[in-house]
Protein chains: 2
Amino acid sequence: MRITDLVITPIALGDPPLLNAAGLHAPYALRTIVELTADNGVTGIAEVPGSVGVNTCLERAREAVIGADPFNWNALRAAIARRFPAETPADRGDKPWDSRQVVQVYSAIDVACLDLIGKSVDQPVANLLGGIVRDRVPFAAYLFYKHKGAGGELAFGTDPAATGWAAARQEAALDPDGIVAQARAMIAEFGFRSIKLKGGVFEPAAELAAMRALRDAFGPDVPLRLDPNALWKVETAIAAGRELEPILEYYEDPVRGQAAMAAVRQAVKLPLATNMCTTSFAEIPGSVRHGSEDIILGDHHYWGGLRASLDLAAVCRTFGRGLSMHSNSHAGISLAAMTHLAAAVPNLSYAVDTHYPWQNEEVVKGGRLRFEDGSLPLPKGPGLGVEIDRAALARLHENFTRCGLTERNDEIEMQKVSPGWKFMATRW
Amino acid sequence: MRITDLVITPIALGDPPLLNAAGLHAPYALRTIVELTADNGVTGIAEVPGSVGVNTCLERAREAVIGADPFNWNALRAAIARRFPAETPADRGDKPWDSRQVVQVYSAIDVACLDLIGKSVDQPVANLLGGIVRDRVPFAAYLFYKHKGAGGELAFGTDPAATGWAAARQEAALDPDGIVAQARAMIAEFGFRSIKLKGGVFEPAAELAAMRALRDAFGPDVPLRLDPNALWKVETAIAAGRELEPILEYYEDPVRGQAAMAAVRQAVKLPLATNMCTTSFAEIPGSVRHGSEDIILGDHHYWGGLRASLDLAAVCRTFGRGLSMHSNSHAGISLAAMTHLAAAVPNLSYAVDTHYPWQNEEVVKGGRLRFEDGSLPLPKGPGLGVEIDRAALARLHENFTRCGLTERNDEIEMQKVSPGWKFMATRW
């Protein structure tokens with residue numbers, strides 16, 4: 001089988017004014033949709049975080065992709081690799097999100113090939129990844145400090161395509177009461193049974209108060225997580241961690257770097273999780289040497305695809321690391337891929353992060369995927385089990401063209417409401 | 001798809017009187033052939049070292065296998081695992097070969113499922129393992145100290161089925177000249193470009209002399225390896241290693257255990273390789289902590305199959321371990337599986353071990369697989385690219401029935417020629 005066509009379509013999804021360590025979400029989150037068609041007439045699809053930079057890389061990979069055998073990922077990956085200088089862990093950058101681009105090219109092509117293969121041989125992607133171990137994948141409620149309002153055209157009062165929960169949920173959440181109310185509303189809608197708060201926004205004492213309020217509201221049976229996005233000093237993180245010991249399931253990236261994480265981990269009786277200090281295979285030996293975390297929050301968009309994520313799962317199994325999953329703002333193709341991966345990895349034993357409730361629009365046929373009691377049933381059908389809605393793709397591509405954004409920059413967006421605001425790698 | 005039938009056929013292959021650290025090869029080497037048939041009418045096959053113990057385990061796994069989906073390895077593996085107590089690294093034992101049995105069940109079922117899948121979707125197994133990175137796999141000449149004679153019925157002067165090189169090569173090899181002559185004969189026949197000597201048989205000085213004779217005979221362009229099978233003391237291994245520094249490609253298991261291996265590795269400027277001190281995922285953290293070896297000699301029969309071997313390859317890539325491949329006496333189904341795995345693992349960068357030249361018979365259609373210039377071309381066709389020759393299988397099963405062997409025991413065989421000989425875990 002040979003790949004005959006590669007189509008790259010940048011889209012923009014309305015995104016609410018969510019606060020994080022790097023500033024404020026812009027009204028649109030950029031994603032890139034990739035379609036690979038083979039000479040058997042079957043098309044495989046993928047979605048990556050995207051940016052104009054990633055799109056340029058995908059274009060540069062085109063020569064390697066066209067004519068390649070989708071069944072031979074090793075050869076295709078090597079052909080892509082030859083077109084780019086190797087990315088290093090430092091290329092990730094200091095922001096909450098990962099700035100690497102070539103890993104996203106691997107991810108997009110790997111996922112699209114697997115969808116193409118699955119649709120060609122009538123198997124779900126999860127079976128191509130070793131086999132379905134769970135047919136419902138639990139996700140977590142992902143809470144954000146948030147300004148009043150919504151994303152995309154909703155920010156300006158209109159968006160006929162918006163159908164999601166977030167379209168109706170325009171309340172601000174800037175204190176413990178607001179966070180608890182957001183949690184109640186999200187759980188009422190989706191049924192999530194674990195809660196994560198994106199921290200690193202307000203002073204640690206305020207975020208600890210929010211976590212205590214969540215515990216008071218939901219009790220000890222709802223696992224809680226806090227993610228200060230590496231913005232805290234070691235001494236701050238240790239003091240906060242000790243207060244959080246009785247109430248957290250895990251403590252995500254309180255500090256920056258493997259050595260600092262290890263220092264906090266030694267001092268605090270909490271499992272530490274990361275998607276910032278150990279985000280590539282090159283960093284695994286350092287993780288083992290330092291003992292920097294208990295749980296790695298994988299993300300197939302940044303670890304180089306679904307098959308590379310199986311390698312990560314093997315490493316985690318071998319070294320006693322837990323495995324959970326990180327998320328960025330995304331649509332249903334990424335959600336389907338995440339769900340197939342989580343369905344196929346025996347040692348993925350935590351509820352998975354997802355921003356999905358915060359997006360309103362959808363690019364897949366049939367509209368937004370539905371959680372049941374906080375879990376997503378594995379999409380039915382071969383491959384990823386989802387297909388592109390062409391009209392929705394056209395509308396979301398039009399969003400991309402009109403919004404004028406070329407990459408994620410939460411600092412600029414924050415400066416619009418807080419003039420002079422600057423990102424700091426360590427703040428408290 | 002569902003598995004509807006499991007057929008387990010023990011066979012015995014004629015095996016010459018090869019010497020090793022545990023004694024002497026018996027006239028027959030036991031293997032077990034596994035066939036899985038699915039409800040689409042397709043049959044997948046596998047071969048494992050086998051023994052009556054392994055056959056009993058395979059029988060005990062039958063209930064988990066029948067009715068299982070061959071595409072869902074995770075579920076099938078878990079169902080098998082529930083039927084057995086977990087094996088530990090200690091279950092491997094002290095002998096050159098691995099005494100674990102459940103890992104062989106995983107391996108047999110994994111390989112047969114992959115062959116079944118490949119034949120069902122018209123893809124080579126190597127493409128199911130990530131994709132073909134090399135379509136010819138280099139193997140190494142595997143030399144043995146050897147008594148005069150041959151294996152199987154040839155030991156008694158007749159075996160009409162014997163067609164291999166070893167049927168004609170009945171010379172003894174008990175000194176450097178004999179080893180060099182064996183190497184010349186094997187290389188003339190198969191074209192191998194790397195040489196391994198199975199050591200741990202004679203005093204270290206004699207084996208060093210053999211290695212020097214090989215270097216003198218073949219020059220610096222033919223990589224050499226020596227495997228004392230962990231029989232040497234640390235001080236012996238260090239002294240010998242220093243003499244071998246100028247001539248070895250790698251130094252395989254000179255001593256027993258990760259700590260001893262690390263001590264030798266620190267003292268000697270040679271890459272250390274192992275298939276004895278790091279043979280399971282449970283031992284990988286110790287390998288990293290000790291720094292016990294540079295190269296792991298994987299073996300899909302003992303690491304739990306081809307997919308588990310991909311996990312091992314990921315671990316080796318992540319921790320800078322080289323990867324090569326161990327072998328036992330085997331027929332063409334194992335050889336095909338080893339070749340597909342080696343074809344699909346980018347970081348398998350050494351010529352692979354194989355005992356194949358030492359066997360004469362074959363169980364696959366078309367007879368013995370042919371090396372070209374020391375490499376085996378990836379067998380053509382879907383799945384493993386080999387199929388069972390029913391007449392040959394019947395004949396080799398008859399060998400098994402008649403030979404009366406139930407497991408490998410080189411000590412008993414050695415005692416027939418050297419009364420009172422005892423295996424020692426450390427000898428020199």
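Letters A, B, ... are given to chains in the order of the sequence lines, protein chains preceding strands, and every chain is numbered from 1.
Residues of residues 61-74 of chain B having a heavy atom under 4.5 Å from any heavy atom of chain A, listed by number: Asp69(B), Phe71(B), Asn72(B), Trp73(B), Asn74(B). For a heavy-atom cut-off of 4.5 Å, chain B lies close to Val121(A), Gln123(A), Asn127(A) in residues 110-127 of chain A.
Options Val288(A), Val133(A), Ile132(A) differ in how many heavy-atom pairs under 4.5 Å they form with chain B, and the most are formed by Ile132(A).
For a residue to count as touching a neighbouring chain, one of its non-hydrogen atoms must lie under 4.5 Å from one of that chain's; by this rule Pro285(A) touches chain B with backbone and side chain alike. Heavy-atom distances place the side chain of Arg317(A), and not its backbone, under 4.5 Å from chain B.
In terms of heavy-atom proximity, Asp311(A) sits nearest to Leu310(B) at OD1-O, 4.4 Å.
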